[in-house]
K.L.:
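Mind having a look at this structure? Questions to follow.
Residue numbers begin at 1 in each chain, while the letters A, B, ... track the order of the sequences.
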Amino acid sequence: MGSTKSGKQDYKQLLMEYLETGDESVLYRAEQFSKNSIQQSISPDEIVNEHYQSLLDIIPDMDDRIKSSFQFLIETMISYGMAYQEYHVLREKQIELRSEIGVAANMQDTLLKTQVPQVDSLDIGVKSVAAKEMNGDYHHFIIDDKGNIGIAIADVIGKGIPAAFCMSMIKYALESFSENQIFPKYILDSINRVVERNVKEGMFVTMFYGFYDVDTNYFHYASAGHEPGFILRKESHEFEEIDAKGLLLGVESEVTYEEKFTQIEKDDIIVLFTDGVTECRYGDRFIEQEEVLDVIKSFSHLPAQEIVDSVYKYFERLQDFELRDDFTIAVLKRIK
Amino acid sequence: MNETLSSVPIRKEWDIVGARQTGRNWAKDLGFGSVDQARIATAISELARNIYLYAKVGEINFERLDSVPSIGLKITARDQGPGIKEVSKVMKDGYSTSGGLGAGLPGVKRLMDEFDIESTDAGTVVTVIKWTRI
């Protein structure tokens with residue numbers, strides 16, 4: 001209370017100075033005064049009243065109509081004051097909520113963490129960035145005792161917190177497979193049943209699952225309505241699309257997924273991503289898929305992690321550092 | 001020591017103005033300053049309008065509270081309407097259906113010094129008190 005009292009003294013003092021000098025420096029101090037008042041959540045009606053009270057002191061013979069007009073103005077400002085205080089409370093709540101979401105996002109990062117496998121024959125890089133606090137994209141690696149690699153890339157349709165919950169479920173489902181069950185078709189068939197049973201209508205998940213056999217260098221893959229992947233062939237220096245038919249996860253319980261495979265030669269690069277990459281927007285324009293592939297190709301001489309980092313940086317800049325969708329890209333380069 | 005000052009029935013929209021006027025007059029009599037008079041009037045408006053809109057009929061009571069060192073104006077809004085099912089919800093900021101104009105019961109609570117509400121399916125009683133500034 002003491003601070004407001006002295007604040008009120010300040011107001012009268014400032015007003016008197018201004019009436020005498022009309023000086024800009026007094027107006028500047030008035031600006032400081034109002035900022036200070038905002039910090040102390042003093043509402044507009046109180047400032048108007050302060051003005052009125054100061055005027056009564058400064059001009060004791062004020063016209064009664066002017067006095068009444070101030071009463072009228074104060075009355076009019078009361079609702080502004082209420083709205084202003086409500087805004088204050090809501091703003092504090094928003095800060096609180098934001099910090100809670102921050103904690104949840106950290107927790108999601110910890111929960112969904114997956115180690116990029118280190119194997120002799122493959123150089124693997126992955127980059128996943130959330131557009132908002134919570135990531136609706138997910139990638140997961142599995143490595144079996146022979147060093148074969150399973151990779152899942154998924155995108156929950158629907159963003160934010162519900163998507164994040166859904167992802168945790170998928171992660172635990174994926175982790176429950178034993179190492180000799182990591183074949184794409186089997187995994188998608190099973191995950192689909194888990195999603196269908198546990199996720200409400202209206203939430204769908206797309207997933208691409210690939211299995212790299214380090215003995216044969218075959219890449220087996222299946223897709224549940226996910227963006228197709230690509231292989232940049234060393235020999236032709238051209239991209240080859242890899243896609244398999246399959247319904248989104250969670251639509252129907254009894255779905256069997258198609259599984260395909262392709263031979264990977266030395267220095268071929270497998271590229272998998274979510275639609276956050278292929279549907280980057282530049283102004284109002286969606287970026288053509290060829291453009292995305294060209295960018296990837298231009299970095300293809302780099303190590304896998306540098307490829308994905310560079311591709312991300314390129315599109316981040318192109319979109320003015322404002323991602324509209326979660327962005328995930330994984331690159332597997334056969335090096336032996 | 002409490003002293004009942006007066007009571008204003010609320011039946012039509014015009015009565016809201018009457019309640020405001022009565023409340024302002026008592027506030028003036030008890031020595032409230034002009035901002036507090038305006039706040040009290042706004043709080044009464046809000047309470048009377050709630051009665052008029054949701055319960056149709058009710059009343060606003062005014063009492064004087066003598067305490068040391070300040071004097072209080074106690075306002076009780078009483079109706080036999082359908083009641084508020086989830087009081088904690090309407091007491092949240094941003095809930096008010098008036099389009100976020102900062103009104104509603106949380107606004108009333110902020111305008112006054114003390115606030116209490118009891119609501120059952122037999123009606124609602126809102127009690128608010130404003131103390132004169134020392």
Side-chain angles (χ1 to χ4, degrees), chain A residues 1-9 11-12 37-38 40-57 59-60 62-98, chain B residues 16-17 19-25 27-29 31-50 69-70 73 75 88-113 115 126 128 130-134:
Chain A
M1 228 28 204
S3 61
T4 35
K5 277 238 169 79
S6 74
K8 285 175 179 180
Q9 274 302 312
Y11 187 89
K12 187 176 154 191
S37 305
I38 288 169
Q40 294 175 42
S41 18
I42 293 170
S43 59
D45 47 301
E46 281 184 71
I47 302 281
V48 173
N49 183 52
E50 208 34 57
H51 185 78
Y52 176 48
Q53 300 302 332
S54 303
L55 270 192
L56 283 178
D57 288 350
I59 313 168
M62 208 193 312
D63 189 321
D64 277 348
R65 285 184 305 171
I66 296 179
K67 285 185 192 166
S68 297
S69 83
F70 269 102
Q71 194 57 50
F72 190 84
L73 181 59
I74 289 167
E75 205 75 29
T76 319
M77 295 307 286
I78 292 280
S79 290
Y80 279 92
M82 280 160 84
Y84 173 77
Q85 298 203 324
E86 185 184 39
Y87 157 82
H88 249 271
V89 172
L90 291 176
R91 207 174 79 147
E92 264 161 40
K93 257 184 214 160
Q94 190 199 21
I95 292 167
E96 207 175 283
L97 273 179
R98 209 181 271 167
Chain B
I16 300 171
V17 177
R20 280 178 65 109
Q21 182 67 65
T22 309
R24 185 190 304 278
N25 290 343
K28 215 178 273 176
D29 279 3
F32 285 95
S34 43
V35 171
D36 280 347
Q37 286 175 33
R39 286 185 176 154
I40 290 167
T42 307
I44 294 167
S45 256
E46 210 54 45
L47 296 174
R49 194 159 47 231
N50 280 348
S70 46
L73 178 62
I75 300 161
S88 51
K89 233 184 204 172
V90 303
M91 288 310 295
K92 276 205 181 104
D93 279 300
Y95 176 82
S96 164
T97 48
S98 58
L101 289 177
L105 291 176
V108 173
K109 187 175 178 180
R110 267 199 286 271
L111 290 168
M112 304 299 282
D113 294 324
F115 180 99
V126 182
V128 294
K130 189 83 179 169
W131 297 100
T132 51
R133 298 193 201 188
I134 322 144

K.L.:
Using the test ring pair (Phe, Tyr, Trp, His ring centres under 6.0 Å), find all partners of B:F32 that sit at least two apart in sequence or belong to another chain.
P.N.:
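Residues passing ring pair (Phe, Tyr, Trp, His ring centres under 6.0 Å) with B:F32: none at all.
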K.L.:
Assess whether atom OH of A:Y84 is packed by more than 12 heavy atoms of other residues, nucleotides or ligands within 6.0 Å.
P.N.:
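Yes, enclosed.
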K.L.:
For chain B, which residues from residues 64-73 of chain A lie under 4.5 Å away (heavy-atom distances)?
P.N.:
A:Q71
K.L.:
Looking at every non-hydrogen atom in both residues, tell me the closest pair between A:M82 and B:R110 and how far apart they are.
P.N.:
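So the two residues come closest at O-NH2, 4.3 Å.
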K.L.:
When only pairs under 4.5 Å are counted, which of A:M77, A:K93, A:Q53, A:Q85 shares the most heavy-atom pairs with chain B?
P.N.:
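If we count pairs closer than 4.5 Å to chain B, A:Q85 comes out on top.
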K.L.:
If we only count heavy atoms from C-beta on, is the A:S43 to B:R39 side-chain gap below 4.5 Å?
P.N.:
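Result yes, sub-4.5 Å side-chain heavy-atom pair found.
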K.L.:
Kindly give the heavy-atom pair with the smallest separation between B:T42 and A:I78, and that separation in Å.
P.N.:
OG1-CG2, 3.2 Å
